[in-house]
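Structure, as structure tokens:
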Number of protein chains: 2
Amino acid sequence: MKDVHKISTDSDGLLFDPQARTALAQFIGGDDTLAMEAAAAVRTASHAIERMRAQGSENRGLSSGTLDVLLRLSTSPDGMTIGDLAKSAGVSSRNVTGLVDTLERDGLVQRAPAPHDRRSVLARITPAGQEWIENWRRPTQLAMGAIFRDFTPADLAQLRHLCLRLADNHHKLTEYLNGAR
Amino acid sequence: MKDVHKISTDSDGLLFDPQARTALAQFIGGDDTLAMEAAAAVRTASHAIERMRAQGSENRGLSSGTLDVLLRLSTSPDGMTIGDLAKSAGVSSRNVTGLVDTLERDGLVQRAPAPHDRRSVLARITPAGQEWIENWRRPTQLAMGAIFRDFTPADLAQLRHLCLRLADNHHKLTEYLNGAR
DNA sequence: GAGATTTTATGTACGTCCTTCATGATGAAG
DNA sequence: CTTCATCATGAAGGACGTACATAAAATCTC
């Protein structure tokens with residue numbers, strides 16, 4: 001097996017992916033590769049986390065989209081409407097409808113009419129859903145601990161900070177674009 | 001519209017997501033939330049990048065998986081086998097077969113027999129594929145520049161570094177697991 | 001060398017995520 | 001009251017990704 005997975009260290013002692021860098025430098029030809037490299041690295045990291053979560057937590061039938069919804073619901077005991085879930089997750093509301101469908105089929109979430117707006121539907125987590133999360137917690141914690149081995153608390157906070165700055169930029173951008181529409 | 005997108009600043013001046021933190025602290029109850037928070041942030045950031053790329057680059061019919069393959073091929077003019085592509089992308093080879101199918105249907109990639117192993121299939125980028133990337137370059141560069149607004153070069157390098165450390169950990173973990181099998 | 005095992009790509013079948021467009025019900029504004 | 005906007009969902013489809021089975025070729029074992 002050829003070793004396709006290569007990561008090198010640059011002059012500042014930071015990791016980079018040589019293949020990605022040459023691929024990008026070829027087209028951009030300057031220091032602008034930095035943003036593209038960072039984007040590629042984020043994508044790679046996200047994949048790694050996703051795979052880790054899938055295999056490490058034994059993944060009792062729930063996939064990333066539904067898990068995302070379930071976690072959001074677990075923080076709001078009064079439930080959230082489909083639309084709010086869609087906005088906070090950044091996906092279409094039609095999609096959330098489907099995700100809530102599967103969660104409701106599994107008994108982890110329940111639909112209820114919204115009190116203030118009869119068009120809306122409240123999704124609320126059930127005791128079974130809480131229990132599911134309780135069981136999910138431990139293995140996932142272990143998996144995350146493994147994949148973040150050797151990260152100091154400062155590293156973790158820094159990574160979180162940079163990623164959320166990025167998400168914040170994106171949020172402002174779409175807000176601006178929607179406002180201009 | 002309720003503002004579902006909330007990001008706060010912690011005592012160190014770093015961003016964090018209050019909803020995620022309370023959701024996690026409730027189950028873990030300690031400083032171990034850091035790893036989970038970081039993982040959630042990476043996922044959010046990856047989503048943001050994905051959406052930015054999809055809408056910003058006008059996305060002429062190519063999606064993230066196929067784009068990933070095409071970029072890898074663009075760095076190796078001699079082509080890569082399906083298996084190597086699968087290993088470097090971290091997905092199943094069957095999946096890569098499908099991605100190469102769509103790329104070949106679009107004329108961006110060509111299959112050829114591998115010289116050293118008649119079972120293998122070389123995927124090689126075509127001139128049309130090179131041109132596609134050439135057209136893709138500029139808008140994507142702009143989109144990445146926008147989403148990484150206010151990031152210093154050091155920030156970008158740091159983000160890349162942390163993400164690749166994470167990917168490296170994951171790589172070692174799976175290697176270890178496969179080796180122990 | 002001959003046969004058994006492994007590797008490589010792909011066919012088949014399936015599940016999930018996500019999208020756009022259309023629609024019925026409801027709310028809000030004039 | 002009429003008109004327009006919003007909410008959730010039905011219908012249809014595309015793309016990604018998996019597991020299992022299979023044919024062809026390479027490699028190992030005797």
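Order of the sequence lines sets the chain letters (A, B, ...), proteins ahead of strands, with each chain counted from 1. Computation of the quantities below employed the complete heavy-atom set of this structure, encompassing side-chain atoms and omitting hydrogens, waters and symmetry-equivalent molecules. Bear in mind the structure is a predicted one, so any value in this text is a computation, not a measurement.
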- prompt: Hey, quick one: are B:Leu122 and B:Ile82 part of the same hydrophobic cluster, counting side-chain heavy atoms closer than 4.5 Å, chains of contacts allowed?
  reply: no

Using distance only, find each side-chain donor-acceptor pair of residues 142-152 of chain A under 3.5 Å and give its atom names and separation, not counting sequence neighbours.
from: A:Thr152; atom 1: OG1; to: A:Ala154; atom 2: N; distance (Å): 3.4
from: A:Thr152; atom 1: OG1; to: A:Asp155; atom 2: N; distance (Å): 3.0
from: A:Thr152; atom 1: OG1; to: A:Asp155; atom 2: OD2; distance (Å): 3.3

query: To the nearest angstrom, how far is A:His116 atom NE2 from C:dA25 atom P?
result: 20 Å

query: Side chains of B:Thr126 and B:Trp132: does their closest heavy-atom pair fall under 4.5 Å?
result: no

- request: Please tell me if the side chains of B:Asp106 and B:Thr66 come closer than 4.5 Å, counting only heavy atoms from C-beta onward.
  value: no

Polar atoms only, N or O, under 3.5 Å: list the protein pairs with nucleotides 18-23 of chain D and their distances.
from: D:dT18; atom 1: OP2; to: B:Ser92; atom 2: N; distance (Å): 3.0
from: D:dT18; atom 1: OP2; to: B:Ser92; atom 2: OG; distance (Å): 2.7

query: Within this structure, what is the CG-to-P distance between B:Asp117 and D:dT27, rounded to whole angstrom?
result: 7 Å

statement: Residues at least two apart in sequence or cross-chain that pass side-chain contact (heavy atoms from CB on, under 4.5 Å) with A:Arg119, listed by chain then number, are A:Asp117

field: Value in whole Å for how far the C1' atom of C:dC17 lies from CG of A:Asp101
entry: 13 Å

- prompt: B:Trp136 and B:Leu67: side-chain contact (heavy atoms from CB on, under 4.5 Å), yes or no, with the steps?
  reply: CA-CA 10 Å; B:Trp136 167 83; B:Leu67 178 60; 3.9 Å; yes

Going by atom type alone, with no hydrogens or angles, which donor-acceptor pairs under 3.5 Å involve a side-chain atom of residues 94-101 of chain A and a protein atom two or more places apart or on another chain?
from: A:Thr97; atom 1: OG1; to: A:Ser93; atom 2: O; distance (Å): 3.2
from: A:Asp101; atom 1: OD1; to: A:Arg111; atom 2: NH1; distance (Å): 3.1
from: A:Asp101; atom 1: OD1; to: A:Arg111; atom 2: NH2; distance (Å): 3.0

Value in whole Å for how far the P atom of D:dG10 lies from CD1 of A:Ile82: 11 Å

message: Please report the distance, rounded to the nearest Å, between CZ in B:Arg105 and C1' in D:dA15.
response: 10 Å

query: Mapping A:Ser120 and B:Leu99 to their closest nucleotides on DNA chain D, which lands nearer the 5' end?
result: A:Ser120

- prompt: Heavy-atom distance under 4.5 Å between the side chains of B:Leu70 and B:Ile133, does that happen here?
  reply: yes

query: Starting at CG of B:Leu103 and ending at P of C:dT10, how long is that distance when rounded to a whole Å?
result: 13 Å

- request: May I have the distance from A:Leu67 (atom CG) to C:dT16 (atom P), rounded to whole angstrom?
  value: 15 Å

query: Near B:Gln110 CD, under 6.0 Å, is it more than 12 heavy atoms from other residues, nucleotides or ligands?
result: no

Mind listing the N/O atom pairs, protein and nucleotides 2-7 of chain C, below 3.5 Å?
from: C:dT7; atom 1: O2; to: B:Arg119; atom 2: NH1; distance (Å): 2.5

- prompt: What is the distance from CG of A:Leu85 to C1' of D:dC7, rounded to the nearest Å?
  reply: 13 Å

